[in-house]
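Reviewing the structure listed below.
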Amino acid sequence: MELIMLSGGVLALPVLAFITSFLFWPGVLLKAYNWYWRRRLGLVVHYSHTASYRFCYSSRGTPGGATPSVLLLHGFSATKDMWLPVVKHLPRDQHVVCVDMPGHEGTSRTGADDYNIQGQVRRIHQFVQSIGLDKRPFHLVGTSMGGNVAGVYAATYPAYLSSVTLVCPAGLVYPTESEFITRLRKMENSEQEVSIPLIPSTIQELEDMLKLCCHTPPNLPRQALKGLLANRTPNNGFYKEVFMEIIGEKSRHSLQDNLHLITSPVQVIWGTEDQVVDVSGAAVLQAALPNCQVELLDNCGHSVALERPRKAAKLIVDFLSAQEVSDKSTKKLS
């Protein structure tokens, strides 16, 4: 989901004043705010092309350092900028790439074939090749829908990865049904038109989405909520198209169906209070991938990058360091 990116989860008063004085330009404001944080964090926006298809991404650093490059995949209806709070806590010399997923923000908007999980995996691999990230094994991070894509990517293109981090990934068969899945079932069984919880059209629906996605929702002024909603609603038709693809028969359990093909080292990070995809999915991953490293975050919901960015960054950095030590030990033994 798309949220106003907060530094460490706190919106500084000068920035809040800036927001409330320019809310009649909500789209411009949000872009300006994210531009400010990208600039402060040393991230630069780029575009790459595969034939007529365009990818938009931001990056910092150069490949070839002591640790693998890190590619971050955002969740449904979010953008590359959802990772700003996490990137803030990553080492400055870490090569980081954040890409807009197919159809989102600055990446080409095409059609359904690119929006199901396998289609997104194919497009992300095109992106990897287009920027030369395939020259050396890299670490892949994905959250929610992006976690589903990351897991299936690991199963499909294992030779390109050094390791993978799955943050509250979609695409599993969850032993416990989440609040979101319960709502979806009611929606499917209803004969009336029901709004999708992750695609708000009103302030109340937006507040409900924030409560669904965050254990402790950000306390935003009503004017800020209006600006955020105004920035999202023009894309609601696209969001619905993507949503119907990722919950469809081809994609709903894509990660579950591909777990047996994953050979890369896997890290799992999950908020224990996740109401979108239940934390019981972590046990499913551990059963299928016995060597995966599972980290459960108390008092945290689905939006780990927003609620616990410092902790998420530390876990990823520690995991990369552990893999580096393991690789060196393996080389010595061989």
Side-chain angles (χ1 to χ4, degrees), residues 31 34-35 38-39 41-65 67-84 86-87 90 93-167 235 238 241-242 245-246 251 254 258 261-262 264 316 320:
K31 288 179 181 178
N34 287 337
W35 172 88
R38 285 196 301 267
R39 183 177 176 85
L41 297 176
L43 287 163
V44 179
V45 174
H46 306 276
Y47 296 91
S48 68
H49 295 81
T50 299
S52 61
Y53 195 89
R54 184 183 76 171
F55 296 98
C56 180
Y57 67 102
S58 60
S59 66
R60 181 177 78 187
T62 55
T67 56
S69 299
V70 174
L71 173 61
L72 299 125
L73 308 182
H74 64 73
F76 169 75
S77 80
T79 74
K80 60 187 175 298
D81 291 325
M82 71 151 283
W83 292 110
L84 292 175
V86 174
V87 172
L90 293 176
D93 60 350
Q94 173 67 58
H95 181 225
V96 180
V97 180
C98 308
V99 64
D100 286 327
M101 298 295 280
H104 290 71
E105 191 74 356
T107 292
S108 292
R109 191 167 289 184
T110 51
D113 287 346
D114 282 337
Y115 304 151
N116 62 53
I117 298 302
Q118 287 291 353
Q120 292 195 56
V121 169
R122 287 192 297 271
R123 286 299 189 186
I124 291 302
H125 190 56
Q126 287 180 348
F127 170 70
V128 165
Q129 293 177 311
S130 73
I131 66 168
L133 206 56
D134 57 337
K135 306 302 181 187
R136 181 172 177 249
F138 64 94
H139 180 71
L140 183 60
V141 181
T143 186
S144 195
M145 176 190 79
N148 194 351
V149 174
V152 177
Y153 187 98
T156 309
Y157 302 105
Y160 293 87
L161 296 183
S162 60
S163 49
V164 61
T165 296
L166 305 178
V167 184
N235 296 302
F238 162 71
E241 185 178 6
V242 175
E245 285 298 318
I246 62 179
S251 299
S254 291
N258 283 275
L261 298 174
I262 297 177
S264 304
I316 292 169
L320 289 175

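Source: prediction; values computed, not measured.
- Between Y160 and L133, every side-chain heavy-atom pair lies at or beyond the 4.5 Å cut-off.
- Going from atom OG1 of T79 over to atom CG of L84 covers 7.5 Å, rounded to the nearest 0.5 Å.
- Residues D81 and C98 form no side-chain contact, since every pair of their non-hydrogen atoms from C-beta on lies 4.5 Å or further apart.
- A side-chain donor-acceptor contact under 3.5 Å links H46 and S59.
- Atom CZ of F55 sits about 10.0 Å away from atom CE of M101, to the nearest 0.5 Å.
- Side chains of T50 and S130 form a contact here, defined as non-hydrogen atoms less than 4.5 Å apart.
- Here the OG-CG distance, from S163 to L140, works out to 9.0 Å after rounding to the nearest 0.5 Å.
- Ring centroid separation for the pair Y153 and H125 comes in under the 6.0 Å cut-off.
- Expressed to the nearest 0.5 Å, how far NZ of K80 lies from CG of D100 amounts to 3.5 Å.
- Annotation: the span from I246 atom CD1 to Y115 atom OH amounts to 12.5 Å, rounded to 0.5 Å.
- L72 has its side chain out of reach of M82: every pair of non-hydrogen atoms, C-beta onward, lies at least 4.5 Å apart.
- Here Y57 and Y47 keep their ring centres 6.0 angstrom or further from each other.
- Residues T143 and L73 form no side-chain contact, since every pair of their non-hydrogen atoms from C-beta on lies 4.5 Å or further apart.
- Counting only N and O atoms by type, the side chains of R123 and Q126 include a donor and acceptor under 3.5 Å apart.
- Side-chain contact annotation: T67 with Q94, donor-acceptor N/O pair under 3.5 Å present.
- Between F138 and H95, a ring centre-to-centre spacing not shorter than 6.0 Å is recorded.
- Put simply, the side chain of M145 reaches to within 4.5 Å of the side chain of Q120, judged on heavy atoms.
- A distance-only check finds a donor-acceptor pair linking the side chain of S108 to the backbone of R54 [under 3.5 Å].
- Under the 3.5 Å distance criterion, the side-chain polar atoms of R109 are matched with a main-chain donor or acceptor of G103.
- Annotation: side chain of V45 is in contact with side chain of R38 (closest heavy-atom distance under 4.5 Å).
- Here OG1 of T107 is found 10.5 Å from CG of D114. Values are rounded to the nearest 0.5 Å.
- Screening N258, I124, L261 for a side-chain contact (heavy atoms from CB on, under 4.5 Å) involving V152 leaves a single residue, N258.
- When side chains are defined from C-beta on, H139 counts as touching L320, because their heavy atoms get closer than 4.5 Å.
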